[in-house]
Amino acid sequence: MAPVPPGIRFLASFNRDQWYRAFTFSLTFLLYTSFHLSRKPISIVKSELHKNCSALNELSTASSSQLSDLHTAAECSWKPFDKSNYKQLLGAMDYSFLCAYAVGMFLSGIIGERLPIRLYLTFGMLMSGLFTCLFGLGYIYNIHSLGFYIFVQVANGLVQTTGWPSVVTCIGNWFGKGRRGLIMGIWNSHTSVGNILGSLIAGYWVSSNWGLSFIVPGLIIAAMGIICFLFLIEHPNDLRSIHAVQNPAPCSNNRKLTNWNGTNGHKQLYHSYKQGDKYQNWDTEPLLPQDNSSVSVPVQQVVVVKSESEPSAISFMGALRIPGVIEFSLCLLFAKLVSYTFLFWLPLYITKTAHLDAKKAGDLSTLFDVGGIVGGILAGVISDKLGKRATTCAVMLLLAAPILYGFSMISEFGLGPTIGMLLVCGGLVNGPYALITTAVAADLGTHKSLKGNARALSTVTAIIDGTGSVGAAIGPLLAGVLSSQGWDQVFYMLMAADFLALLLLLRLVTKELTSGNVVKPRSGSTTVEDGPTALGVFQFGHGTEW
């Protein structure tokens, strides 16, 4: 018999539970990558919507021929963005999307808790694909109405709010807090990966047919919505019905198991069985068997009826009362203001200061997102090791402010320094943003004050990211106004926002540093709260309690 190849031996070492976790991790990663991929084209196309018309006119006069493009030299910019106030109009488009996103986010988490995540997310992705394609069709059908583009941006902003609470809730259901910072730091790189892919895809067509810069990403997110509908597993418990059918456990009296319709009016219950001297609960046992052997037969099967009703979805005010939610939400407001200003204006800034065309500027701007990937993972690793989320964010925010000032100075000294500063800025700006929107939101959504109510995670996530989205809406709008007075004013605004984010964390940082009862999260450790309401909810070793 030939020896088993080492690669196959390695794959066989993982049980089905681990494979399902890896599958959910990868699928949610790709799903939210498509969200950011569809948001990026507008920042790439901005420089095409308003070109340097004087330079094109000179080129056209010298060659005594019309431009080969769809539009003549006299119409080198796309109406209505051909006026001197084009920066304000472009800023208004950003603001319309982000304002709708911010308002919709507060409602999205509340709605998402009451609907199946898979269906809710699928609907949002299909509609987002539709509105992204509509923006690109404005080029195909020669639409020059500002109202059309504003409407599309508002509608797209609303439907895109279905994404973040859904994927964070799903990933929070599958992964515990022991390595949450590291896992979610890696997972949250979907934001930067989506931005990079969106920049490359949009940049490929921006100069020839910018309509395709929107249509192709729109088709991609719609296709991912169909994949979401077919394959997304919301919670590990959802697989148990499949496993029960495939591996029915025989009863000791050889009678067939029938569907349980409840007793004394209680239809919600937990199944447990006695194994030796310990009761093992079906909601806390390993998701699937650890090997391919048959399922062990319970010695005594017991049906434990819930003594209280299923935990209801948490209210908006109830979520705000969770310690740390308000501080982190307001901190994210200013951190996301900085991040999204870079997201929407960096390619145009590079075009104007480095005198590059739209495609090269878009490609260069992806380095900011590469730095963001490293920064998000690094923030997660450090916060896991120290057990201090707020302190990790504060240190990165403190370092980011002078780096932002340095970037505004060094970016004028050539391509090499600009590349280096883009990487560093991306890491320090996106590090806190990534940590707060993922690991911190998941920590707060499973806070001990909730007593195991897993249905709070979507609302808490929506509150934190919704508040941050207010900053995301304000930042690009202010950038559009201030850039007309010089790009230095934009960077001063970004540095001020960075310092305000730092100030809002000082109370939590002080509490973390002065707390003498910090327990670092243990790698892979999980504990389950006592009591029936905690069953099926992962509760994990905590660091400092906020």
Side-chain angles (χ1 to χ4, degrees), residues 32-51 70 77-78 81 86-87 89-98 100-101 124-141 143 146 148-160 163 190-225 339-351 356-369 472-473 476 479-480:
Y32 208 72
T33 294
S34 67
F35 273 93
H36 265 264
L37 182 149
S38 66
R39 295 177 196 173
K40 187 65 177 179
I42 185 64
S43 65
I44 304 298
V45 173
K46 277 179 180 176
S47 57
E48 193 71 15
L49 294 176
H50 183 90
K51 295 181 180 179
L70 176 66
S77 293
W78 187 267
F81 307 104
Y86 73 96
K87 289 183 179 179
L89 296 180
L90 293 173
M93 280 209 308
D94 295 340
Y95 181 75
S96 61
F97 173 88
L98 294 168
Y101 186 85
M125 297 183 77
L126 292 176
M127 295 305 296
S128 181
L130 171 64
F131 290 118
T132 303
C133 288
L134 277 179
F135 199 107
L137 290 175
Y139 178 89
I140 305 297
Y141 292 101
I143 299 174
L146 180 64
F148 170 79
Y149 296 107
I150 294 293
F151 166 76
V152 171
Q153 287 287 83
V154 170
N156 202 10
L158 288 174
V159 296
Q160 286 230 346
H190 54 49
T191 298
S192 297
V193 172
N195 291 340
I196 292 171
L197 292 176
S199 297
L200 296 176
I201 292 173
Y204 185 82
W205 283 287
V206 64
S207 299
S208 58
N209 183 347
W210 62 257
L212 291 176
S213 296
F214 290 91
I215 293 173
V216 173
L219 294 176
I220 290 174
I221 189 173
M224 292 304 299
S339 180
Y340 267 64
T341 300
F342 273 94
L343 173 67
F344 281 90
W345 285 93
L346 182 58
L348 182 62
Y349 171 76
I350 295 174
T351 299
L356 299 175
D357 61 33
K359 185 180 186 307
K360 290 181 180 178
D363 293 344
L364 187 61
S365 69
T366 60
L367 294 175
F368 180 84
D369 295 298

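Residue numbers run from 1 in the order of the sequence given.
Contact annotation: the side chain of I350 approaches that of S365 to within less than 4.5 Å [non-hydrogen atoms, C-beta and beyond]. Side-chain contact between P476 and L98 is present, with at least one heavy-atom pair separated by less than 4.5 Å. Two residues are said to be in side-chain contact when any heavy atoms from C-beta on lie closer than 4.5 Å; I215 and I140 meet this criterion. Side-chain contact check for I221 versus L37: every heavy-atom pair is 4.5 Å or farther apart. At a threshold of 4.5 Å between non-hydrogen side-chain atoms, the residues F148 and Y141 do not count as touching. Residues L200 and D363 meet the side-chain proximity criterion, which asks for heavy atoms closer than 4.5 Å. In this structure, Y139 and L212 have side chains that are not in contact, with every pair of non-hydrogen atoms separated by 4.5 Å or more. For the pair F35 and T191, the minimum side-chain heavy-atom distance is 4.5 Å or more.
If you take CD1 on I44 and CZ on F214, they are separated by 9.5 Å, rounding to the nearest 0.5 Å. Atoms CG and OG, from L346 and S339 in turn, are 10.5 Å apart once rounded to the nearest 0.5 Å. The CD1 atom of I220 sits 8.0 Å away from the CG atom of L197 when rounded to the nearest 0.5 Å. L90 CG to W345 CH2: the interatomic distance, rounded to the nearest 0.5 Å, is 5.5 Å.
Without hydrogens or angle criteria, K46 side chain to F344 main chain gives a donor-acceptor distance under 3.5 Å. Using a distance-only test at 3.5 Å, with no hydrogens or angles considered, a donor-acceptor pair links the side chain of S192 to the main chain of D369. No donor-acceptor pair under 3.5 Å is formed between the side chain of W210 and the backbone N or O of I42. Using modelled atom types, no side-chain atom of T366 and backbone atom of I196 make a donor-acceptor pair closer than 3.5 Å.
With sequence neighbours excluded, the residues that form a side-chain hydrogen bond (donor to acceptor under 3.5 Å, both in side chains) with Y101 are Y32, R39, D465.
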Under 3.5 Å, side-chain donor or acceptor atoms of residues 126-135 against the rest of the protein: list the pairs with distances, not counting sequence neighbours.
| from | atom 1 | to | atom 2 | distance (Å) |
| --- | --- | --- | --- | --- |
| S128 | OG | N156 | OD1 | 3.0 |
| S128 | OG | Q160 | NE2 | 2.7 |
| T132 | OG1 | S128 | O | 2.8 |
| T132 | OG1 | N156 | ND2 | 3.3 |

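Across all non-hydrogen atoms, the minimal contact from P217 to P41 is CG-CG, 3.9 Å. Residues P347 and K40 share a closest heavy-atom pair of CG-NZ, 4.4 Å. Annotation for A100 and L158: closest pair O-CD2, 3.4 Å, computed over non-hydrogen atoms. Considering all non-hydrogen atoms of both residues, M125 and S34 come closest at CE-OG, 3.3 Å. Considering every non-hydrogen atom in both A92 and I150, the closest pair reads O-CD1, 4.0 Å. For the pair I143 and W78, the tightest heavy-atom approach, listed with the atom from each and the gap, is O-NE1, 3.2 Å.
A 6.0 Å sphere centred on OH of Y95 holds no more than 12 heavy atoms belonging to other residues, nucleotides or ligands.
Taking the six-membered ring where tryptophan is involved, the planes of F368 and F342 are essentially parallel, since the angle between them stays under 30° and well short of 60°.
Applying the side chain to side chain donor-acceptor pair (under 3.5 Å) test to residues at least two apart or on different chains, none of the pairs has a partner in residues 196-205.
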